[in-house]
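A short worksheet on the structure shown next.
Reminder, nothing fancy here: chain letters follow the sequence lines and each chain counts from 1.
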2 protein chains.
Amino acid sequence: MLTKEELEKFSADALELYLDHISIDCVVFGFHEGQMKVLMLKSKNEEGWQLPGGFVQKREPIDTAANRILATRTGIDKVFLKQFHVFGDPDRNRQHNEQYNDMVPKERNFFSHRFISIGYYALVDFSDAIPTPDEFSELCAWRDVNDLPVFLLDHELIFNTALDTLRLQLSYQPIGYNLMPKEFTMPELQKLYETILGKKLDRRNFQRRILGFGILNKLPQTRKGGAHKAPYLYSFDLENYQAALKEGLKSGW
Amino acid sequence: MLTKEELEKFSADALELYLDHISIDCVVFGFHEGQMKVLMLKSKNEEGWQLPGGFVQKREPIDTAANRILATRTGIDKVFLKQFHVFGDPDRNRQHNEQYNDMVPKERNFFSHRFISIGYYALVDFSDAIPTPDEFSELCAWRDVNDLPVFLLDHELIFNTALDTLRLQLSYQPIGYNLMPKEFTMPELQKLYETILGKKLDRRNFQRRILGFGILNKLPQTRKGGAHKAPYLYSFDLENYQAALKEGLKSGW
DNA sequence: TACAATTGTGTACCAATTACACCATTTATC
DNA sequence: GATAAATGGTGTAATTGGTACACAATTGTA
């Protein structure tokens, strides 16, 4: 146990040396019918777009904060949300912060601190979302991943890191439960994988592999109404899906 | 651009709501001759041991901070060091913090804040290290992973998460460059893998696989002096090793 | 009724992983 | 020195997993 004097001295020094802020940046991947988009915000004050983000409140777990931020921007709660990297270079938002240095004394300017940002990525069906801008943005919108705007801050790095992580994790994590309807066809699920990976996969090999994971139930019905042969419907076997989330799958695409 | 009034109001609210501290906890795995240890600190004030840690200074990148903390505790610089998870539950160190609440007013007590902790893991040869306690510890020492003491705070969770991450990353990252001498034998390298994975591997299959990665140079010499047949020496092909670090290997053990 | 598009299913081939066997070298021991 | 014990080098067969590819069936439309 420290003495009172030790604690006071350490605290005074430390409060001077080590004050920092934590923010959360979310890369929200939105999927729907073979399209892949990212949720972005057009800044009121600057030319460019950024990722949705926010701050962690006192006494709030960081996962809860990420979920809250996401829910505020999309209206969707409890989606697939995963911490993937911390961005902590002090220069990462210096330019952005220093524009306010003349305006307000440093100690009263929240932005004068360096922010360490915890990156999360989320997977949602973008047709479920209602994009809602925050107080600093004039617009919140889904942007196609193949037609991205200019990013502010280091958000391009954050986006790219998230995409790399997602593609890597596809090798040993099942995905799709949040992104597919209750019942779906094999070609629909394949399109999701192809969209994420950015490449075509062989139809027959995809089916064998995904069925091999044992996370799907084949339903007796087919999806009628298409212009062609009616494909079978599948649903996720939630129990096995959850188990696979914990245990992991194996090997890569 | 925000107006002065907007900035002042936002800052005042935010500074009240969102102040947090960032700490770094390092799980330092030490290896030597088939043994695997973890660097731990015996607390001066409490019954129990904790992982080496510290705070990120203003204007210091977090990777630099982790490296500094590790160098301070071991005397070793620039080792393999990798961020693996952020621990941000506000209750994670509440008990530890509240013991000081009566002693010093909250606003002058550095520990009254919740700490969000960035977990790093490091791989070192423990025979190179000089364990050095910090100001809160009476002892800094290597503890065998099979005979661990009682952990303080949430450090047992951090340790277990680090070990799981290390084992997973073994599948797609080459390791050993920091842990093996310049020249080493295949059985020695195999022992390192077995130590990390906690299980025996087949001698012949291990060799084929590791050679297949193309990160080793077979040297013409053998290691004489052992009690048995002299094994060949190998060294890491640094160029291929670095490439494999970036590109990743494939598949799992 | 023929056709285009799409889905269901199967199979042959190659690569990686696993399991296992045999020989060579070194030192200790009789 | 012959032999045993321990360890290292190398190879091979069986299994599994991944890739490439072919053909039949269904559906709506021309």
Side-chain angles (χ1 to χ4, degrees), chain A residues 33-34 167-168 170-174 180-181 183-195 197 199-235 244 247-253, chain B residues 33-34 167-168 170-174 180-181 183-195 197 199-235 244 247-253:
Chain A
E33 289 176 358
R167 286 177 175 167
L168 184 65
L170 214 55
S171 309
Y172 55 93
Q173 293 256 272
M180 303 298 293
E183 303 184 340
F184 51 89
T185 66
M186 195 57 76
E188 286 165 356
L189 184 61
Q190 183 180 338
K191 191 154 261 177
L192 173 65
Y193 273 76
E194 289 178 340
T195 306
L197 293 168
K199 65 181 181 192
K200 291 277 168 208
L201 299 172
D202 183 278
R203 198 163 61 84
R204 296 144 287 191
N205 296 336
F206 175 81
Q207 168 151 329
R208 185 185 4 234
R209 186 155 175 171
I210 209 94
L211 288 177
F213 294 153
I215 57 172
L216 295 183
N217 295 318
K218 186 171 187 171
L219 306 177
Q221 313 93 292
T222 54
R223 169 153 299 166
K224 309 264 173 161
H228 310 290
K229 179 166 181 177
Y232 282 103
L233 288 170
Y234 292 85
S235 66
E247 298 290 317
L249 308 168
K250 28 194 151 150
S251 131
W253 291 96
Chain B
E33 290 176 358
R167 286 176 175 167
L168 183 64
L170 214 54
S171 310
Y172 55 91
Q173 293 256 270
M180 302 298 292
E183 304 184 342
F184 51 89
T185 67
M186 196 56 78
E188 285 165 357
L189 185 61
Q190 182 179 340
K191 191 154 262 177
L192 173 64
Y193 274 76
E194 289 178 340
T195 306
L197 293 168
K199 65 181 181 195
K200 290 278 168 208
L201 299 173
D202 184 276
R203 197 162 59 83
R204 297 145 286 190
N205 296 337
F206 175 80
Q207 169 152 329
R208 182 181 9 231
R209 184 156 178 169
I210 209 95
L211 288 177
F213 294 154
I215 56 171
L216 294 185
N217 296 318
K218 186 171 187 172
L219 305 177
Q221 313 92 292
T222 54
R223 168 153 301 165
K224 309 263 170 162
H228 309 290
K229 178 167 182 176
Y232 282 102
L233 288 170
Y234 291 85
S235 65
E247 299 289 318
L249 307 169
K250 29 195 153 157
S251 129
W253 291 96

Q: Specify the separation, in whole Å, of atom CZ of R209(B) and atom P of dG9(D).
A: 19 Å
Q: Specify the separation, in whole Å, of atom CZ of F206(A) and atom P of dT6(C).
A: 17 Å
Q. From R204(A) CZ over to M186(A) CE, what is the distance, rounded to the nearest 0.5 angstrom?
A. 14.0 Å
(Q) To check you understand the geometry: which heavy-atom pair defines the closest contact between T195(A) and G34(A), and what is its length? (A) OG1-O, 3.4 Å
Contacts under 3.5 Å, N or O only, protein and nucleotides 27-29 of chain C:
{"unit_1": "dT27(C)", "atom_1": "O4'", "unit_2": "A227(B)", "atom_2": "O", "d": "3.1"}

Q | Sidechain-backbone polar pair: Q190(A) side chain, L201(A) backbone, donor-acceptor under 3.5 Å | A | yes
**Q.** Length of the line joining L211(A):CG and dG18(D):P, which is rounded to integer Å
**A.** 13 Å
Q) Is E188(B) paired with R223(B) through a side-chain N to carboxylate O contact shorter than 4.0 Å? A) yes
Q.
Taking the axis from the first five pairs and the axis from the last five, what angle separates them in the helix from dT1(C)-dA30(D) to dC30(C)-dG1(D), rounded to 10 degrees?
A. 20°
Q) Looking at the side chain of K218(A), which of dT9(C), dT26(D), dG8(D) is the nearest nucleotide? A) dT9(C)
Q) Can you tell me how far P of dG9(D) sits from CG of D202(B), to the nearest Å? A) 13 Å
**Q.** For atom CZ of R223(A) and atom P of dT6(C), their distance in whole Å
**A.** 16 Å
Q. Checking K218(A) against Y234(A): charged group under 6.0 Å from the ring centre and within 45 degrees of the axis?
A. no
Q) Are any of K224(A)'s side-chain N or O atoms less than 4.0 Å away from OP1 or OP2 of dT7(C)? A) no
Q. With distance as the sole criterion, do the side chain of R204(A) and the base of dG8(C) form a donor-acceptor contact below 3.5 Å?
A. no
**Q.** Residue met sooner reading DNA chain D from 5', once T222(A) and Y232(B) are mapped to nucleotides
**A.** Y232(B)
Q. So which one's nearest nucleotide on DNA chain C is more toward 5', Y234(A) or R208(A)?
A. Y234(A)
Q. Between L219(A) and Y232(A), which heavy-atom pair has the shortest distance, and what is it?
A. O-CD2, 3.8 Å
(Q) I need the CZ-C1' distance between R203(A) and dA20(D), as an integer number of Å. (A) 13 Å
Q. Which atom pair, heavy atoms only, marks the closest approach of L189(B) to L216(B)?
A. CD2-CD1, 4.1 Å
Q: Measure the distance from NZ on K200(A) to C1' on dT6(C) and round it to the nearest whole Å.
A: 13 Å
(Q) Measure CG/N205(A) against P/dG10(C) and give the value in whole Å, please. (A) 14 Å
Q: Of all the heavy-atom pairs spanning M180(B) and L192(B), show the shortest one and how long it is.
A: SD-CD2, 4.0 Å
Q: Quick one: pull up CZ in F184(A) and OG in S235(A) and give me the separation to the nearest 0.5 Å.
A: 6.5 Å
